[in-house]
Amino acid sequence: MTPVSEVAAALKLTDRINRIEPSATLAVVAEADKLRQQGIDVVDFGAGEPHFNTPQHIKDAAIAAIQGNFTKYTAVGGTAELRDAIVHRHAVDFDSDYRREESIASTGGKHALFNAVQVLVDHGDEVVLSVPYWVSFKDIVRYAGGNCVLLETDEQQGFRITSKMIERLVTPRTKMIILNSPSNPSGAVMSPEDLTEVVRFAHERGIWVISDECYVYLNYTGKIFSVGSLREYKERMVIVGSLSKTYAMTGWRLGYALAPAPLVSALQKLQSQSTSNPTSIVQKAAVAALKGPQQCVLDMRAEYIKLRDHVVNGLRAIEGIRCTLPEGAFYAYPNISSFFGRGGIKAASDLAGRLLREAHVATVPGEGFGTSQHVRVSYATSVAELDRGLKRMKKFLGLL
Ligand SMILES: Cc1ncc(COP(=O)(O)O)c(C=O)c1O
């Protein structure tokens with residue numbers, strides 16, 4: 001058979017598509033699916049999505065939209081009703097003061113982020129990313145022609161980022177800093193003070209900040225914070241939000257950006273030439289989510305905290321695993337480096353591969369997030385499923 005790389009070369013694909021890799025997380029999902037199709041019972045700690053169902057009142061709004069024939073094109077950046085709901089929710093929860101013109105609805109948070117990077121990053125621009133980073137940041141920047149400048153963080157310090165650390169990496173080509181608190185994959189949460197310091201620093205130097213706040217409501221520190229509340233620094237700031245994790249709506253594909261109006265116009269221009277509006281029906285569901293009762297968000301958060309404690313205790317009980325306490329999102333990021341050298345394992349990808357194939361537990365190896373000593377364990381699942389997976393991990397790792 002002809003190697004895939006030769007087939008791709010024959011297609012004469014663009015440089016930009018050849019610069020990026022398929023999402024590491026989606027690759028694990030695909031491999032786990034393949035095993036399942038062979039009848040193998042896989043415990044899935046790989047998927048990055050809530051195990052909850054979308055709340056009923058949100059589903060009802062979508063059904064009503066279909067029945068009411070709300071099925072035509074809408075304005076490219078979303079209906080006025082939805083954009084108002086987005087800015088209203090943000091203002092109530094974070095004391096921000098965005099206007100409708102400073103908001104855009106997109107087909108998921110990833111889409112909003114992708115578009116924001118495409119309109120801001122040019123060839124040769126530098127973008128500061130802290131390690132571990134969410135897989136897509138790096139490839140989205142590369143697709144735009146930008147160069148990622150990696151900010152190494154210290155696991156012992158809870159992967160902390162300060163403006164002093166960023167200062168050392170800034171050059172005349174620095175265009176953007178991407179922040180993600182709570183973080184995927186580490187679950188680390190930046191303090192409001194650190195976030196403010198970094199945003200102020202970037203503002204003073206005219207550097208853009210994209211703050212990916214897809215997990216902003218899944219913050220377990222008791223100090224929920226959005227940089228959007230820092231009204232005086234809005235001029236160079238893009239907030240990316242998503243309904244995916246907050247309302248258990250990953251499949252619906254609805255995210256948004258909050259940014260200065262001229263930037264939103266640029267995002268709309270790009271969206272108008274690519275995807276157009278997010279699905280009309282989903283927009284109605286999103287309005288119900290944002291304007292309806294928020295108890296579902298609080299309930300899910302309370303459940304995630306219990307699951308977090310359960311999985312971290314379980315992981316720490318496995319000899320050889322070190323695990324920091326994640327303060328947000330729904331991932332644990334255990335350090336598994338003490339297993340290196342045992343059974344031919346040299347890196348996280350070896351361990352994750354064998355865990356999947358031999359113990360039938362899907363995790364995501366850290367390499368995709370820029371570290372080779374960790375695997376990502378998604379704990380958005382039931383306690384019973386966590387226990388099944390932890391038991392398999394313990395047995396497998398104990399025999400290495
Ligand atoms: C950090 C981060 N940003 C953005 C997204 C994108 O979410 P969505 O496109 O479903 O809104 C994800 C999803 O996993 C994520 O983890």
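In what follows, every heavy atom counts, from backbone to side chain, and hydrogens, waters and symmetry copies are set aside. Counting convention: from 1, in listed order, for ligands and their atoms alike.
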Give the atoms of ligand 1, by number and element, whose distance to some non-hydrogen atom of [X] is under 4.0 Å.
| X | answer |
| --- | --- |
| Ser244 | 8 (P), 10 (O), 11 (O) |
| Asn180 | 1 (C) |
| Tyr215 | 1 (C), 2 (C), 14 (O), 15 (C), 16 (O) |
| Gly108 | 9 (O), 11 (O) |
| Gly109 | 8 (P), 9 (O), 11 (O) |
| Ser242 | 8 (P), 11 (O) |

List the closest protein heavy-atom neighbour of atom 2 (C) of ligand 1: residue, atom name, distance to the nearest 0.1 Å.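 Minimum-distance protein heavy atom for atom 2 (C) of ligand 1 reads Asp212 OD2, 3.4 Å.
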
Should Gly255 be listed as contacting ligand 1, given a heavy-atom distance under 4.0 Å as the test?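 Under 4.0 Å: no for Gly255.
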
For Arg253, state whether at least one heavy atom is located under 4.0 Å from any atom of ligand 1.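 Arg253: in contact with ligand 1 (<4.0 Å).
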
Test item: Arg19 side-chain N/O and Arg142 main-chain N/O as donor-acceptor pair under 3.5 Å: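 Judged by distance alone, yes, a pair lies under 3.5 Å.
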
Would you say Arg316's side chain and Cys323's backbone share a donor-acceptor pair under 3.5 angstrom?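 Here the side-chain-to-backbone pair exists.
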
For Tyr215 together with Phe330, are the ring centres under 6.0 Å from each other?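 When the ring centroids of Phe330 and Tyr215 are compared, they turn out to be within the sub-6.0 Å range.
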
Between Tyr304 and Tyr217 (judged by ring centroids, cut-off 6.0 Å), do the two rings come close enough to count as a pair?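 Tyr304 vs Tyr217: aromatic centres not under 6.0 Å.
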
Does Val377 share a hydrophobic cluster with Phe369, counting links as ILVMFWY side-chain heavy atoms below 4.5 Å and allowing steps through other members?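 Hydrophobic grouping puts Val377 apart from Phe369.
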
For ligand 1 and His111, I'd like to know whether there is a polar contact (N/O to N/O, distance under 3.5 Å).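 His111 vs ligand 1: no N/O contact under 3.5 Å.
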
Are Glu31 and Lys34 within salt-bridge range, i.e. N to O under 4.0 Å?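 No, this pair does not count.
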
Quick one: do Glu102 and Lys234 make a salt bridge, cutoff under 4.0 Å?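 Between Lys234 and Glu102 there is a salt bridge, with a charged N closer than 4.0 Å to a carboxylate O.
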
Pick whichever of Trp252, Trp134, Phe137 has a heavy atom sitting closest to atom 15 (C) of ligand 1.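 Answer by nearest heavy atom: Trp134.
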
Hydrogens and angles aside, do Thr74 and Gln283 bring a side-chain donor and acceptor to less than 3.5 Å of each other?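 Short answer, yes.
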
Is the contact between Lys245 and ligand 1 made by the side chain, the backbone, both, or neither, using heavy atoms and a 4.0 Å cut-off?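 Only the side chain of Lys245 comes within reach of ligand 1.
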
